[in-house]
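Data block below; observations after.
Indexing begins at 1, ligand by ligand and atom by atom, following the structure's order. When reading the values below, keep in mind they use all heavy atoms of this one structure, side chains included, and skip hydrogens, waters and symmetry mates.
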Amino acid sequence: MSDNHNTIDDLMLENRKFPPSAQFKRQALVAGTELYDEAAEDYQGFWARQAADLLTWSTDWNTICEWNLPYAKWFLGGQLNVSYNCLDRHVEAGRGDKVAFYWEGEPGDARVLTYADLLDEVQRLANALKDLGVQRGDRVNIYLPMIPEAAVAMLACARIGAAHSVVFGGFSAQSLSDRINDAEAKVLITADGGHRRGEVFPLKPAADDALVSAPTIEHVIVVRRGGNDVEMVTGRDHWYHDLIAAADPVCPAEPMDAEQLLFLLYTSGTTGKPKGIMHTTGGYLTQVAFTHKYVFDLHPDTDVFWCTADVGWVTGHSYIVYGPLANGATSVMYEGVPNFPGNDRLWAIIEKYKVTKFYTAPTAIRTFMKWGAAEPEKHDLSSLRVLGSVGEPINPEAWMWYHEHIGAGTCPVVDTWWQTETGGIMISPLPGATTTKPGSATFPLPGIGVEVVDDSGKRVEQGGGYLTLTQPWPGMLRGIWGDPQRYFDTYWSRYEGRYFAGDGCKLDDEGYLWLLGRVDDVMNVSGHRISTTEVESALVSHPAVAEAAVVGALDDTTGQAIIAYVTLRGGSDVDIAELRDHVATEIGAIAKPKTIYFTADLPKTRSGKIMRRLLRDVAEGRNLGDTTTLADASVVGELQRRAAEATVED
Ligand code: WT7
């Protein structure tokens, strides 16, 4: 434990190491340090080489990077079209019949879309958008289930230089209208409904509600998917299939400036109204193509890639749509939940399509642990080669479970740290080159500058601190839509000259990076700053525990006291005293939770992040504020009831 209280304490020690196997190295794109060495010499030159190798430009750039802190522009003077890079060039090269998406609907229906199919539909929709008055620089909102039309819609916007703003289909009418109004979008692309957990959830009615207070929308395009009844407003609303059937099939891809706005994506953050994160064309596509290729060791002729995120999140933008399509890869896209009709749905899909590269979130992995290893054992998962994780710190035991029960002990696990704001992966192993440690995202990728610092901004060589980024990167956000001051304040004001990510992070004695969760979640117990991640990982390392959420609640004696909410693995049992002792043994008495509650579920955001703010409110007996971004609101009511009854353990 560190005595230095200007940083976060470093409590956990994880010693297991997993070097890539000789067999994996032999076939790997990168098995040595060559990319790191090249980028260390000249990071801008390195990114320029990636941009030239991975993308097709209609005009070369004259300046690689113009850096006026906090604003970067990449590949100035260069022109390219994202949709051309994702579609036309593959078809022109004779790969039109290659599968772009194996799409699987939740009810069990399926579609196969080749690159030629996608190109045809994207051109038609692009022309339909133009006919509805959409021009370069306009914004188009997308509010769809996980259906191929979501990718088509994004690419059609990119083709004509309109920026898309995708709103996750699980968000409410209010969230949708807020985002439409902030972006001043002209057109909304939605669906009648989609399939989720065996039922049709209506989207168009929510969109109609949103449009009552979203006056900038002139036209609505509606995909038929749910089959539910919807009202169509004459003159405003159009069926997608009618527009596609009537549209001119040819829409040439126009060259766009490298810095043309490609999309806005709203991220809530912890307070205040959602921020419209801005991403542009050339730099973003370079970074997502590069990271998709090297982090997943892509072999486009044989790989079947599957990222389980929703297109409504940045992970879906970068690793379902733009990265894989720019690289000409074949992907799986799945509409529904992981437990319909049974808890083995994802494993059935992996077996069906022979998925080789699988990318999911720790929250999902911990849920699979809760459901038990018997579920994946029902299926042949031997096609898998690389496993990825993103979205939250992955606890070492969840990493081990993923490695053993999904990866058969042979697939490298890549824990990838990044954010909506970074556009693409920033910290991750390269699976053929990096020796991994369970729970560590390891090292910055080539071309990325990371430093851990203490409160005063002094570099930390070993131990806990705050994650900062020290140099511009091509996929970095270009600002917050309509709010430059907030952009500066949020990311660039805390440490001069550095991007502050908002995450705690520690460095071990070998320079590995261990993400410690959001800084807002760090607890202060008797003057020790303790990361929620470390205590949660200690709890999850007990064989009976599947998932844990830890918060600091006000305490008269210690400032904050550690309160833990624990979900057990199916069929397991353990008592509270044993768990508290387990934490003390794993990381020390200071981190022993004062109170532990057992719960069947934890409150999570729709993207799967544990809502510790809410658990803090519950633990401190406060009335709950806004819970609209919660995936399942009933969980909290139950926890509140139990908190009111609880007697505090000592
Ligand atoms: C925040 C960003 C990046 C796409 C999905 C989430 C957390 C993300 C990791 C990881 C530890 C992680 C961070 C980050 N996070 N990946 N591998 N290890 N933490 O995007 O919603 O913008 O969230 O997610 O706290 O700041 P996002």
inquiry  = Just to confirm my output: which protein heavy-atom neighbour is closest to atom 11 (C) of ligand 1, and how far is it?
reply    = Pro393 N, 3.1 Å
ask   = Which residue owns the protein heavy atom closest to atom 25 (O) of ligand 1, what's the atom, and how far is it?
value = Asp503 OD1, 2.6 Å
In terms of atom number and element, which parts of ligand 1 are under 4.0 angstrom from non-hydrogen atoms of [X]?
{"X": "Thr416", "value": "9 (C), 10 (C), 16 (N), 17 (N)"}
{"X": "Thr315", "value": "4 (C), 5 (C)"}
{"X": "Val314", "value": "4 (C)"}

Identify which of [options] has a heavy atom lying nearest to [atom].
{"atom": "atom 3 (C) of ligand 1", "options": "Trp417, Trp418, Tyr319, Trp313", "value": "Trp418"}
{"atom": "atom 27 (P) of ligand 1", "options": "Thr420, Ile394, Ile425", "value": "Thr420"}
{"atom": "atom 6 (C) of ligand 1", "options": "His317, Glu421, Glu392, Lys609", "value": "Lys609"}

query = Could a heavy atom of Gly391 be found less than 4.0 Å from some atom of ligand 1?
reply = yes
Does one side chain, of [X] or [Y], offer a donor that lies under 3.5 Å from an acceptor on the other?
{"X": "Tyr512", "Y": "Thr436", "result": "no"}
{"X": "Trp371", "Y": "Asn339", "result": "no"}
{"X": "Gln419", "Y": "Tyr499", "result": "yes"}
{"X": "Tyr491", "Y": "Glu421", "result": "yes"}
{"X": "Thr416", "Y": "Tyr359", "result": "yes"}

message = Which residues pass the side chain to side chain contact (heavy atoms under 4.5 Å, CB included) test with Gln462, not counting sequence neighbours?
response = Asp509
Which atom pairs, donor and acceptor, lie under 3.5 Å between side-chain atoms of residues 428-435 and protein residues at least two apart or in another chain?
residue : atom : partner : partner atom : Å
Thr434  : OG1  : Leu430  : N            : 2.9
Thr434  : OG1  : Leu430  : O            : 3.2

